[in-house]
Amino acid sequence: MNVIIHKPLSEGTLEVVPSKSITHRALIAAALAEGRSLIKRPLESEDTEATINMLRALGVKIEKTPDGIVVESNGIQKPTEILFANESGSSLRFLVPVALLSEAEVTFDGKSGLRKRPISEYLKVFDQMGIEYTQFGENLPIKIKGKMVPGEYTISGNISSQFVTGLLYALPLLKSDSKLILSTPLESKDYVDMTISIQNQFGVKIEEIENGYFIKGNQKYCEKTFEVSGDFSQAAFHIVAGILGANITLSKIEQNTQQADEKILNIAKMMGADIIYENGTIKPITGITYGRVIDLSQCPDIGPIMAVLCALSEGTSHIINASRLRIKESDRITAITTELNKLGAKISETKDGMIIEGVKNLKSNMNLYSWNDHRIVMALSIAAIKTDGPVRITGAEAINKSYPTFFEDYVKLKGVISYE
């Protein structure tokens, strides 16, 4: 699917879509609880659907109802099929340890983009646990045989917090205590804090210790009705749209839900933006912003949209500590640099970020490419606010990964688009 943006979004009120990160985590916590849980207001996307399908293959009953997603479980069972994660790194990395709660032979796979993303941290854990595995490619497919056992395990903290989350879900269910030691500082710590917060709401306690976590064994997840909060990862695009000129009010977005991308508020304010936030509503005020040094070590997912804001801010910005952007759905540093430069931005890559010299406006371009990456599509769609004519994005169906209704919302906000 190709999208032509004839007129960018400009005004309106929008209910923020539910959080993808929270939806994943709540589904898994509910699947690990014996009994019946209800996940209210979940995000429905390709990524969350991958988690649902993998949990079903592990014997969990999941039903979509008008009230939300009903999850009924009696423990993780031996999988009935290959666990296919599609393009979802979260689904894969969260569910590898979960699948190994039942001693089984299980094969994980995904689409080509996911096959490029590393799983090496789990191989270290498998070696420490004595779990057998066979890889049929650089990363995926992988066949694993064995069972999670309690103990002390060491992994890196700077590769992806998703590995930490996966282990934190499974280790409390083992018969004795475990420790998870981080050999390097943990990046994207807020995502782990989000995991621990959701586990706590489902009755499981995790203790943070120096350089890692202590996980008491023999715990149980409890059934629960859980409502998913609005997604700051998606709200970030509309917040930047408001700063750049759109008259937007965002609703259904709560503070302090341990979402890493809530940092968009502080970063934008550091750049000079005025953002009103009260009673679950965000109102970004259009105005001038200024280049700054922006550290994305704890919130890499907002990298593409921050590149857009920096490209249209006065002065020079340095995006740093963002090397993990290179191992997402695309190499996001190269992708956003390439596409924004097509629009007349002035961006150069560094090893772990970008140097961005601000410009006042951008140029029309009918040859933009999605790089098969949902966040690149959305970032370019927001950049269209400052172009002097239409833009065309090929491969725009990539939005289905996390925000299938993005262009529906774009039109609600007075954007004018057409499809090819």
Side-chain angles (χ1 to χ4, degrees), residues 5 8 187-188 232-246 260-261 263-275 284-365 367-371 373-389 391 393:
I5 298 176
E187 295 187 5
S188 294
F232 267 100
S233 298
Q234 316 301 20
F237 295 94
H238 296 112
I239 290 168
V240 170
I243 295 168
L244 294 179
D261 294 335
K263 290 181 171 60
I264 180 70
L265 299 174
N266 291 335
I267 294 173
K269 288 176 181 179
M270 176 185 71
M271 297 176 70
D274 183 11
I275 300 173
I285 307 299
T286 298
I288 298 171
T289 47
Y290 302 90
R292 295 287 187 266
V293 175
I294 298 170
D295 186 338
L296 292 183
S297 61
Q298 301 301 319
C299 50
D301 280 346
I302 61 172
I305 193 59
M306 287 312 308
V308 171
L309 183 58
C310 291
L312 291 160
S313 297
E314 292 189 3
T316 301
S317 296
H318 296 259
I319 291 180
I320 63 171
N321 294 329
S323 59
R324 279 178 301 136
L325 287 174
R326 295 198 182 276
I327 54 173
K328 295 289 187 175
E329 285 78 353
S330 68
D331 178 337
R332 286 181 177 162
I333 292 175
T334 295
I336 199 64
T337 296
T338 301
E339 302 309 311
L340 288 179
N341 282 344
K342 289 180 185 177
L343 294 171
K346 297 180 179 179
I347 308 177
S348 59
E349 296 184 35
T350 64
K351 183 178 180 180
D352 70 342
M354 292 165 269
I355 299 172
I356 306 174
E357 183 182 342
V359 298
K360 290 187 178 299
N361 292 288
L362 299 172
K363 301 174 183 178
S364 171
N365 191 293
N367 192 33
L368 301 179
Y369 175 50
S370 72
W371 297 69
D373 192 323
H374 52 135
R375 299 199 192 279
I376 300 300
V377 176
M378 292 186 281
L380 295 175
S381 301
I382 301 304
I385 291 172
K386 287 292 190 177
T387 61
D388 59 7
V391 300
I393 307 170

How far does [atom1] of [X] sit from [atom2] of [Y], to the nearest 0.5 angstrom?
{"X": "T334", "Y": "M354", "atom1": "OG1", "atom2": "CE", "result": "9.5 Å"}
{"X": "I319", "Y": "I294", "atom1": "CD1", "atom2": "CD1", "result": "5.5 Å"}
{"X": "D274", "Y": "T289", "atom1": "CG", "atom2": "OG1", "result": "12.0 Å"}
{"X": "N341", "Y": "K363", "atom1": "CG", "atom2": "NZ", "result": "11.0 Å"}
{"X": "S330", "Y": "H374", "atom1": "OG", "atom2": "NE2", "result": "8.5 Å"}
{"X": "T337", "Y": "I355", "atom1": "OG1", "atom2": "CD1", "result": "10.5 Å"}

Heavy-atom pair with the smallest gap, counting every atom of [X] and [Y]:
{"X": "A383", "Y": "L362", "answer": "O-CD1, 3.8 Å"}
{"X": "I385", "Y": "A246", "answer": "CD1-CB, 4.4 Å"}
{"X": "T286", "Y": "G245", "answer": "OG1-CA, 3.3 Å"}
{"X": "A379", "Y": "F237", "answer": "N-CE2, 3.5 Å"}

Q | Sidechain N-carboxylate O distance under 4.0 Å for D331, R326 | A | yes
What I'd like to find out is whether the side chain of [X] reaches to under 4.5 Å of the side chain of [Y], using heavy atoms alone.
{"X": "F232", "Y": "L265", "value": "yes"}
{"X": "V359", "Y": "K386", "value": "no"}
{"X": "L325", "Y": "D352", "value": "no"}
{"X": "N365", "Y": "L368", "value": "yes"}
{"X": "H318", "Y": "T350", "value": "no"}
{"X": "R375", "Y": "E329", "value": "no"}
{"X": "I243", "Y": "M271", "value": "no"}
{"X": "S364", "Y": "D388", "value": "yes"}

Q: Only counting residues at least two apart or in another chain, list the ones meeting side-chain hydrogen bond (donor to acceptor under 3.5 Å, both in side chains) with S323.
A: none
Q: Look at the side chain of E339 and the backbone N and O of Y369, then say whether any donor-acceptor pair between them is shorter than 3.5 Å.
A: yes
Expected list for residues 296-312: side-chain donor-acceptor pairs under 3.5 angstrom, two or more places apart:
unit_1 : atom_1 : unit_2 : atom_2 : d
S297   : OG     : D295   : OD1    : 2.9
Q298   : OE1    : S188   : N      : 2.9
Q298   : OE1    : K189   : N      : 2.8
D301   : OD1    : K328   : NZ     : 3.4
D301   : OD1    : R332   : NH1    : 3.4
D301   : OD2    : Y191   : OH     : 3.3

